[in-house]
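Report on the structure given below.
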Amino acid sequence: MIDNSIISVIGSGTMGNGIAHVFSICPKVKQVILIDLNESILNKAKLVISKNLDRQTKKNIITQNDAKESYNKILFTSSIESISPSNLVIEAVKEDLKVKKTIFSHIDELTSSDCILATNTSSISINNIAKSTKNPQNVIGMHFMNPVPIMKLVEIIKGDKTDNSTIKKSLSYIAAINKTPIECNDSPGFVSNRILMPMINEAAFTYMENVATPEAIDGIMKLGMGHPMGPLKLADLIGIDICVSIMNVLYKGFKSKKYKACPILEKMIKDNKLGIKSGEGFYKYK
């Protein structure tokens with residue numbers, strides 16, 4: 001069903017280049033088209049993908065020949081029109097409904113009537129995104145986890161109008177890249193972030209109220225709860241701004257004070273303490 005597929009990924013940041021990477025390795029995929037209007041981000045994606053493929057080679061996950069073939073499979077371009085022959089398009093831009101709706105309206109016009117239009121959104125309504133297209137039956141959520149080459153889960157989010165054939169093909173694509181797809185219905189934050197973000201938010205309150213240091217909070221959650229990474233360290237990895245953005249989606253969607261972002265997170269954004277990407281968050285990285 002998915003042999004010789006052409007996969008397009010829009011947005012070549014951390015998530016986008018990771019998604020392009022994992023699809024490029026898949027033998028069933030003929031070509032991966034990675035699109036970004038920002039040339040510097042696109043050039044960085046080339047280096048990141050090359051480095052990650054090399055890392056997999058050194059770990060004997062793939063051969064050197066596989067790495068070379070996978071990299072050569074990727075077309076790096078700033079032309080969104082290149083997506084026209086795609087069987088699957090995955091949008092992986094910032095968490096902004098207006099931006100996503102503009103992109104989906106455009107890709108709906110550029111692709112065939114049976115092309116799957118997927119979004120990597122971590123919290124925004126699939127139904128709202130689908131409204132910007134003429135083919136809402138083709139729209140689905142494919143929420144990959146960071147770092148994409150390592151994490152096994154892909155949260156598959158069904159919109160009210162998502163067709164069963166779209167779901168079936170989406171599950172096949174995820175299985176083909178050796179990931180585990182798990183389905184859920186459209187709801188603010190879906191399953192993953194509806195549960196994860198309030199935990200991170202509560203950890204931030206625990207720190208703000210001087211209950212414990214970030215190291216102690218994370219240590220207790222790791223050793224006591226079996227978490228591989230503490231919530232504050234994870235917030236730094238995700239990005240404090242992204243965490244607040246998702247909390248805002250939950251707050252707006254559920255209209256409940258329990259989803260109100262912790263004030264210290266808002267202050268950290270103002271101070272440009274966004275986590276790993278800015279060099280400082282709850283921890284320092286410089």
Side-chain angles (χ1 to χ4, degrees), residues 2-59 61-96 99-100 102-112 115-122 129 140-151 154 170 173-174 176-179 239 242 276-277:
I2 63 172
D3 287 346
N4 295 313
S5 292
I6 297 175
I7 314 295
S8 287
V9 181
I10 300 175
S12 65
T14 301
M15 298 304 294
N17 71 58
I19 295 168
H21 172 175
V22 296
F23 273 102
S24 74
I25 297 171
C26 178
K28 293 179 180 290
V29 172
K30 179 181 178 182
Q31 184 180 41
V32 177
I33 303 167
L34 183 57
I35 303 107
D36 204 303
L37 298 178
N38 189 315
E39 289 286 351
S40 65
I41 295 176
L42 198 60
N43 288 331
K44 183 179 178 182
K46 293 178 183 179
L47 296 173
V48 170
I49 292 173
S50 179
K51 182 179 178 181
N52 287 339
L53 286 168
D54 185 55
R55 184 180 289 116
Q56 288 182 315
T57 300
K58 290 176 179 176
K59 291 182 178 181
I61 296 170
I62 58 175
T63 66
Q64 285 188 338
N65 190 55
D66 288 337
K68 184 178 179 181
E69 287 184 359
S70 297
Y71 186 82
N72 289 338
K73 229 190 247 187
I74 305 172
L75 170 64
F76 297 89
T77 179
S78 58
S79 172
I80 196 168
E81 285 74 20
S82 301
I83 72 170
S84 58
S86 302
N87 305 102
L88 165 64
V89 178
I90 304 171
E91 166 273 313
V93 302
K94 66 179 181 177
E95 288 290 271
D96 185 311
V99 172
K100 290 182 186 293
T102 298
I103 289 172
F104 269 78
S105 178
H106 197 23
I107 63 178
D108 188 41
E109 297 288 343
L110 291 170
T111 53
S112 65
C115 177
I116 296 174
L117 307 179
T119 173
N120 183 55
T121 182
S122 55
I129 293 172
I140 196 165
M142 285 187 184
H143 180 205
F144 289 78
M145 305 294 136
N146 186 28
V148 178
I150 296 171
M151 301 295 282
V154 179
S170 296
Y173 276 116
I174 300 307
I177 58 172
N178 295 316
K179 302 289 184 189
I242 302 299
I276 292 173
K277 62 186 172 185

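Because only heavy atoms are used, hydrogens play no part in the values below, and waters and symmetry mates are left out as well, while side chains stay in. FYI, the numbering just counts along the sequence from 1.
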Sequence neighbours left out, cut at 3.5 Å: what donor-acceptor pairs do the side chains of residues 15-26 make with other protein atoms?
from  : atom 1 : to    : atom 2 : distance (Å)
Asn17 : ND2    : Ser12 : O      : 3.4
Asn17 : ND2    : Gly13 : O      : 2.7
His21 : NE2    : Gln56 : OE1    : 2.8
Ser24 : OG     : His21 : O      : 2.7

Worksheet entry | For Glu81, salt bridge (charged side-chain N to carboxylate O under 4.0 Å, His left out) partners two or more places apart | none
Worksheet item: Does Lys68 have any salt bridge (charged side-chain N to carboxylate O under 4.0 Å, His left out) partners at least two apart in sequence or in another chain, and if so, which?
Response: none
Fill in: By side chain to side chain donor-acceptor pair (under 3.5 Å) - contacts of Thr102 (at least two apart)
none
Item to complete: Kindly compute the distance separating CD1 (Ile107) from OG1 (Thr119), expressed to the nearest 0.5 Å.
Response: 8.5 Å
Fill in: Non-hydrogen atoms of Leu88 and Cys115 that approach each other most closely
N-SG, 3.9 Å
Worksheet item: How far does CD1 of Ile80 sit from CG of Leu37, to the nearest 0.5 angstrom?
Response: 7.0 Å
Worksheet entry | Nearest atoms (heavy-atom pairs only) where Ser86 meets Ser112 | O-OG, 4.4 Å
Worksheet, complete the sentence: Output for pair (Leu117 CG, Met142 CE), nearest 0.5 Å, gives 10.0 Å
Discussion item. My understanding is that only residues two or more places apart in sequence, or in another chain, count here; which of them pass salt bridge (charged side-chain N to carboxylate O under 4.0 Å, His left out) with Lys100?
Written reply: Glu91, Glu95
Practice prompt. Report the distance from atom CD1 of Ile116 to atom OG of Ser170, rounding to the nearest 0.5 Å.
Written response: 4.0 Å
Worksheet item: Do you know the tightest heavy-atom contact between Ile2 and Ala176?
Response: CD1-CB, 3.5 Å
Item to complete: Would you please name every residue forming a side-chain contact (heavy atoms from CB on, under 4.5 Å) with Pro147, sequence neighbours left out?
Response: Pro149, Ile150, Met151
Worksheet entry | Contacts of Thr63 that satisfy side-chain contact (heavy atoms from CB on, under 4.5 Å) - sequence neighbours left out | Asn65, Asp66
Worksheet item: Applying salt bridge (charged side-chain N to carboxylate O under 4.0 Å, His left out), which residue pairs with at least one partner in residues 102-111 are found, sequence neighbours left out?
Response: Glu109-Lys134
Discussion item. How long is the straight-line distance from CG of Leu47 back to CG of Asn52, given to the nearest 0.5 Å?
Written reply: 11.0 Å
Fill in: Residue pairs fulfilling salt bridge (charged side-chain N to carboxylate O under 4.0 Å, His left out) with at least one residue in residues 33-55, sequence neighbours excluded
Asp54-Lys58
Worksheet item: Which residues pass the side chain to side chain donor-acceptor pair (under 3.5 Å) test with Thr77, sequence neighbours left out?
Response: none
Item to complete: Name all residues meeting the side-chain contact (heavy atoms from CB on, under 4.5 Å) criterion together with Thr14; count only those two or more places apart in sequence or in a different chain, and write none if there are none.
Response: Asn146
Item to complete: For Lys28, enumerate each residue passing the salt bridge (charged side-chain N to carboxylate O under 4.0 Å, His left out) test, keeping only those at least two apart in sequence or located in another chain.
Response: Asp3
Item to complete: State, to 0.1 Å, how close Val154 and Lys179 come at their nearest heavy-atom pair, and which atoms those are.
Response: CG2-CB, 3.8 Å
Practice prompt. Of all the heavy-atom pairs spanning Asn120 and Phe144, show the shortest one and how long it is.
Written response: OD1-N, 2.8 Å
Item to complete: For Ser78 and Leu42, work out which heavy atoms get closest and say how close.
Response: N-CD2, 4.2 Å
Worksheet entry | Value rounded to 0.5 Å, distance of OH in Tyr173 from CD1 in Ile140 | 12.0 Å
Item to complete: Evaluate the criterion side chain to side chain contact (heavy atoms under 4.5 Å, CB included) for residue pair Leu110 and Val89; output intermediate values, then yes/no.
Response: CA-CA 11 Å; Leu110 291 170; Val89 178; over 6 Å; no
